[in-house]
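We name chains A, B, ... by the order of the sequence lines, and we start the count at 1 in each one.
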Amino acid sequence: MKDLEQENKELKEALEFKSDLISMTAHQLRTSMSATKWVLKMLLDGDLGPLTEEQKIFIKKTEDNNEKMITFVSEMIDINKEESREIRYTFGKYNLKELVCNTVGEFRGEAAKKNVSLKCHCEEFSRPVEVDREKIQTVIQGLVENAIKYNKEGGSVTLSSKEDGDFVIISVEDTGIGIAEKEKEKIFDKFFRTDSAKKHESIGSGLGLFVIQRIIERHNGEIWFDSKEGVGTTFNVKIPFNQ
Amino acid sequence: MSDKKQNILIVEDDTFLQGLMANKVNSNGFEITTASNGEEAMTALAKTKFDGILLDLMLPDISGFDILENLKSDGSKIPVIVFSNLSDDKDIKKAMSLGAKEYLIKSNFTLEELIEKLKKVI
């Protein structure tokens with residue numbers, strides 16, 4: 001019988017192999033998608049000659065799909081890093097209100113494109129919050145992006161934050177497609193996407209909320225949501241002021 | 001002011017990507033020299049004084065890191081933009097610590113954005 005030490009060693013080697021394989025595959029996919037991205041852009045810019053309106057529509061759609069796949073591969077890389085614990089968390093004390101509002105600002109264009117109004121009601125916190133700045137940005141970006149992506153035409157996304165003793169709570173509320181009752185317990189599972197999300201957006205990795213939950217756990221916090229199908233969803237993130 | 005065009009070395013092993021980059025850089029008024037591996041890059045660097053380098057990291061012989069190391073030990077002041085699809089934090093930190101001016105992930109940038117960055121650093 002193998003001893004525990006030997007089994008651990010083999011398991012570690014298998015994980016390293018898997019991680020290397022994903023990195024290598026992602027690199028190859030990115031190379032191919034970069035070429036596609038650049039050529040499609042040249043076509044759309046007319047660098048390779050004029051296009052008919054119909055050709056432009058088809059190429060634009062292909063470009064959108066390629067961008068989605070690029071995002072998908074980036075998410076795969078993130079999850080791979082997260083799983084192999086390559087990502088080291090660097091905690092610092094930050095003005096969280098500023099961080100939240102600046103991050104939301106990045107999505108104004110995206111929201112306008114989908115005719116979704118984006119509001120930020122964040123209160124000033126009494127003191128700085130200890131977080132990994134980039135990771136918390138990933139959380140806010142992910143939640144706002146989903147809230148816009150899975151919203152309805154003319155809908156809204158509202159960000160709010162408040163203090164709760166030794167914790168801060170950030171909430172992202174949308175008027176989107178919502179989450180069906182039977183799917184609620186799986187929402188943070190790796191690779192899970194709801195049926196309505198799949199209908200709404202054909203491409204997605206189902207990794208976004210999984211990664212977000214992992215980040216919040218590493219901040220000793222928690223994430224939960226309230227949702228009604230067809231009405232909307234509110235995601236709440238609660239993290240301590242100090243780690 | 002001199003009319004002499006600035007000379008850019010493009011180090012990229014994927015010939016299709018290299019061709020696309022070369023066309024775009026050239027059409028923006030730069031002279032270009034291309035290298036498909038580390039050896040070609042080192043030979044070009046020994047022969048010509050470049051104004052900027054676009055450098056891939058994964059090359060068939062030596063790595064882009066080796067080229068950066070070599071430039072650093074020679075005290076080179078040529079601005080280098082690393083243009084790679086590797087995105088590990090450790091790769092980015094390593095390239096920057098070896099003197100790269102910018103680290104861009106290919107799939108996240110258009111060639112127009114690459115040109116903007118190039119004009120900024122040289």
Quiz item: Looking at OG of A/Ser32 and CG of B/Asn85, how far apart are the two atoms once the value is rounded to the nearest 0.5 Å?
Solution: 10.0 Å

Quiz prompt | Atom group of A/Asn66 that falls short of 4.5 Å from chain B, counting heavy atoms | solution = neither

Quiz item: Residues of residues 101-116 of chain B under 4.5 Å from chain A (heavy atom pairs)?
Solution: B/Ile105, B/Lys106, B/Ser107, B/Asn108, B/Phe109, B/Thr110, B/Leu111, B/Glu112

Quiz item: Atom CZ in B/Phe16, atom OG1 in A/Thr31: separation rounded to 0.5 Å?
Solution: 12.5 Å

Practice problem: Return the set of residues passing salt bridge (charged side-chain N to carboxylate O under 4.0 Å, His left out) with A/Lys93 (not counting sequence neighbours), or none when no residue passes. | Solution: none

Quiz item: Does a sphere of radius 6.0 Å around CE in B/Met96 hold more than 12 heavy atoms from other residues, nucleotides or ligands, not counting ones at 6.0 Å or beyond?
Solution: yes

Quiz item: Would the number of heavy atoms belonging to other residues, nucleotides or ligands and lying under 6.0 Å from CD of A/Glu13 be above 12?
Solution: yes

Practice problem: Would you indicate whether A/Glu134, at its atom CD, is surrounded by more than 12 heavy atoms from other residues, nucleotides or ligands within a distance under 6.0 Å? | Solution: no

Quiz item: Counting a contact as any heavy-atom pair under 4.5 Å apart, which residues of residues 22-41 of chain B contact chain A?
Solution: B/Lys24

Practice problem: Applying side chain to side chain contact (heavy atoms under 4.5 Å, CB included), run through A/Arg30 and B/Ser87 and close with a yes or a no. | Solution: CA-CA 11 Å; A/Arg30 271 181 162 172; B/Ser87 60; 2.9 Å; yes

Quiz item: Among residues 47-67 of chain B, which ones touch chain A with a heavy-atom distance under 4.5 Å?
Solution: B/Met58

Practice problem: Examine whether an atom of B/Leu86 lies under 4.5 Å from a heavy atom of chain A, and if so say whether it belongs to the side chain, the backbone or both; otherwise answer neither. | Solution: both

